[in-house]
Amino acid sequence: MRSRYTAHVVHDTRYLDRTYLPTAKLAPSGDVAPPATKWVKLVINRHDAQVRPGVSHVDFSAHFTENGTAGVMHEKSEFELIDGRWFFTRTLRQGPAPVVAAAKVGRNDPCPCGSGKKYKKCCG
């Protein structure tokens, strides 16, 4: 993940192609003019190692400036380990992680008021 971010910073499209599973076996792409995006900082929010054998997930925020405006790209990506090298395989989610609300109290759960009764017989 970090090496791919660095490749974005220095505009190394050949490295990006070699570490992206669908393009890893293709001929290298030509160099392109550097984009107006300047990458500033990478923050790894969460790393789920070995989701299944040889596959990991990385949730990250990449900070950038573009035409003088600051921004943040949030993404969760999947990487696969093949012959000792990690390859980016796909984007799982773009944007910040969804907010998970507190679990609802079930009808037969103990009442959260502390009465000792079931929720349905007390505050429900």
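The figures that follow rest on heavy atoms only: side chains count, while hydrogens, waters and symmetry mates do not.
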Applying the 4.5 Å side-chain criterion to the ILVMFWY set and letting contacts propagate, would [X] and [Y] be lumped into a single cluster?
X	Y	answer
Val58	Leu16	no
Leu81	Tyr20	yes
Val10	Val40	no
Trp86	Phe88	yes
Ile44	Phe79	yes

Please answer whether the main-chain N or O of Val43 pairs with a side-chain N or O of Ser61 as donor and acceptor at a distance below 3.5 Å. no
When you measure from the side chain of Tyr15 to the backbone N and O of His8, does any donor-acceptor pair fall under 3.5 Å? no
Ignoring hydrogens, what is the shortest heavy-atom contact between [X] and [Y]? Give both atom names and the distance.
X	Y	answer
Ala36	Asn67	CB-OD1, 3.8 Å
Arg107	Lys118	O-CB, 4.1 Å
Phe64	Val72	CE2-N, 3.6 Å
Ala49	Ser56	CA-OG, 3.6 Å

Atom [atom1] of [X] and atom [atom2] of [Y]: how far apart are they, to the nearest 0.5 Å?
X	Y	atom1	atom2	result
His11	Lys38	NE2	NZ	10.0 Å
Arg90	Leu21	CZ	CG	11.5 Å
Thr89	Glu80	OG1	CD	6.0 Å
His57	His47	NE2	NE2	10.0 Å

Taking everything shown except Lys120 itself, do over 12 heavy atoms lie less than 6.0 Å from its NZ? yes
pair Met73-Phe60: side-chain heavy atoms closer than 4.5 Å: yes
Given Asp59, which of Lys76, Arg93, Arg46 fulfils the salt bridge (Lys or Arg N to Asp or Glu O under 4.0 Å) condition? Arg93
